[in-house]
Amino acid sequence: MTLTFETVTGHRIARLVPELAVLRIRVFRDWPYLYEGNLGYEHRYLASYTNAQGAVIVVARAGDRIVGAATGMALEDHADDFRTAMPDLDARQVFYFAESVLLPRYRGQGAGHHFFDAREAQARAVGRRYAMFCAVDRPQDHPARPADYVPLDGFWRNRGYAPVAGAKASFSWRDVGTPKPTTKALQVWRKDLAE
């Protein structure tokens, strides 16, 4: 089925929260996140996009069903865990791409490029020079790593992003099947939108 896309900002985001919360939990259960989701947390987290000036959610639909989404907001409006990863960078110049999620059967149809194009356009529209995201950094020998897993590093590099040497964020969540949250390292990737 052909995907359609919609870029949503402001209070219109609120209507998407219930469906996006379920989608995030479903996609993030898989490698490399292994996230044991919580609907209450997801609703609170996604609602923050409704009130953040310039925040955006790009949704992918197959028919009427949301099958993917990508989010972004001003870095200073996001969690401290990500702002502190690059203390020398002025947060007011950075637009943070928080996540891209897409159900597996819809991958390989260009959604990733659309998600980045739309968020980069929003970042420029709100006057940001840099786009930044963080990628979870799991050990190569992690027992849950699928044998056929291919990291997205090549895709990100082709889009003009590069890992920032020494810039790591940390964030805690509960892995699938574990009783307590643990802290994970996330590698910061950045692109200069002015280049």
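By convention here, the first residue in the shown sequence is residue 1. FYI, side chains are in, hydrogens and waters are out, and symmetry mates aren't considered; it's all heavy atoms of this structure.
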Apply the test side chain to side chain contact (heavy atoms under 4.5 Å, CB included) to residues Leu186 and Phe133: give CA-CA distance (whole Å), side-chain angles for both, the deciding distance (0.1 Å), then the verdict.
CA-CA 9 Å; Leu186 296 100; Phe133 66 88; over 6 Å; no
What distance separates Arg44 CZ from Leu39 CG, expressed to the nearest 0.5 Å?
10.5 Å
For Arg92, look at atom CZ and say whether over 12 heavy atoms of other residues, nucleotides or ligands are found less than 6.0 Å away.
no
Testing the basics here: between Ala111 and Leu102, what is the closest heavy-atom pair and its distance to 0.1 Å?
CB-CD2, 3.7 Å
Check: Pro32 main-chain N/O paired with Arg145 side-chain donor or acceptor under 3.5 Å
no
To the nearest 0.5 Å, how far apart are CG in Asp30 and OH in Tyr149?
11.0 Å
Enter the distance from Leu20:CG to Arg15:CZ here, rounded to the nearest 0.5 Å.
10.0 Å
Find the distance between CZ (Phe171) and OG1 (Thr183) and round it off to the nearest 0.5 Å.
10.0 Å
Shared hydrophobic cluster, Leu34 / Leu152 (ILVMFWY, side-chain heavy atoms < 4.5 Å):
no
Taking every heavy atom of Ala69 against every heavy atom of Leu23, the minimum-distance pair comes out as N-CD2, 4.1 Å
For the residue pair Glu99 / Tyr33, report whether a side-chain donor-acceptor contact shorter than 3.5 Å exists.
no
Between Asp137 and Lys184 (salt bridge meaning N to carboxylate O under 4.0 Å), is one present in this structure?
no
Does Arg190 have any side-chain contact (heavy atoms from CB on, under 4.5 Å) partners at least two apart in sequence or in another chain, and if so, which?
Met86, Leu89, Tyr130, Val164
Would you say Lys191 and Met132 make side-chain contact, with heavy atoms under 4.5 Å?
no
Looking at every non-hydrogen atom in both residues, tell me the closest pair between Gly37 and Ile25 and how far apart they are.
CA-CG1, 3.7 Å
Shared ILVMFWY cluster between Val126 and Tyr49, side chains joined below 4.5 angstrom?
yes
Quick check for you: to the nearest 0.5 Å, what is the distance between Leu46 atom CG and Tyr41 atom OH?
8.5 Å
Arg119 side chain to Phe115 main-chain N or O, any donor-acceptor pair under 3.5 Å?
yes
Tell me, please, which residues at least two apart from Thr2 pass side-chain contact (heavy atoms from CB on, under 4.5 Å).
none
What's the shortest heavy-atom distance between Ala91 and Glu76, and which atoms?
O-OE1, 3.1 Å
Within the distance-only criterion (no hydrogens, no angle test), does the side chain of Glu19 pair as donor or acceptor with the backbone N or O of Ile66 below 3.5 angstrom?
yes
Does any part of the side chain of Arg24, heavy atoms only, come nearer than 4.5 Å to the side chain of Thr71, both counted from C-beta?
no
Nearest heavy-atom neighbours spanning Gly112 and Phe155:
C-CZ, 3.6 Å
Would one find more than 12 heavy atoms of other residues, nucleotides or ligands at under 6.0 Å from atom CZ of Arg26?
no
Do Leu193 and Val56 sit in the same hydrophobic cluster, where Ile, Leu, Val, Met, Phe, Trp and Tyr count as joined when their side-chain heavy atoms come under 4.5 Å apart?
no
Does the side chain of Gln187 reach to within under 4.5 Å of the side chain of Val136, using non-hydrogen atoms?
no
Stepwise, does the side chain to side chain contact (heavy atoms under 4.5 Å, CB included) test hold for Arg29 with Glu36?
CA-CA 6 Å; Arg29 281 187 72 81; Glu36 187 70 75; 2.8 Å; yes
Answer yes if the ring centres of Phe28 and Trp173 are under 6.0 angstrom apart, and no otherwise.
no
Between Phe97 and Phe116, is the ring centroid distance below 6.0 Å?
yes
To the nearest 0.5 Å, atom CD of Glu120 lies from atom NE2 of His113 at 10.5 Å
Please name the pair of heavy atoms, one in Pro139 and one in Trp31, separated by the smallest distance, quoted to 0.1 Å.
O-CH2, 4.2 Å
Val22 reachable from Val176 in the ILVMFWY side-chain graph, under 4.5 Å edges
no
By ring pair (Phe, Tyr, Trp, His ring centres under 6.0 Å), which residues pair with Phe95, not counting sequence neighbours?
none
Check each of Val8, Thr9, Leu16, Ile13 against Thr50 using the side chain to side chain contact (heavy atoms under 4.5 Å, CB included) test, and report the only one that passes.
Ile13
Which residue is it: Val58, Val59, Ile57? I am looking for the one with a side chain to side chain contact (heavy atoms under 4.5 Å, CB included) to Thr7.
Val58
Salt bridge flag under 4.0 Å for residues Glu6 and Arg12:
yes
Contact between Glu42 and Pro18 at the side-chain level, heavy atoms closer than 4.5 Å - yes or no?
no
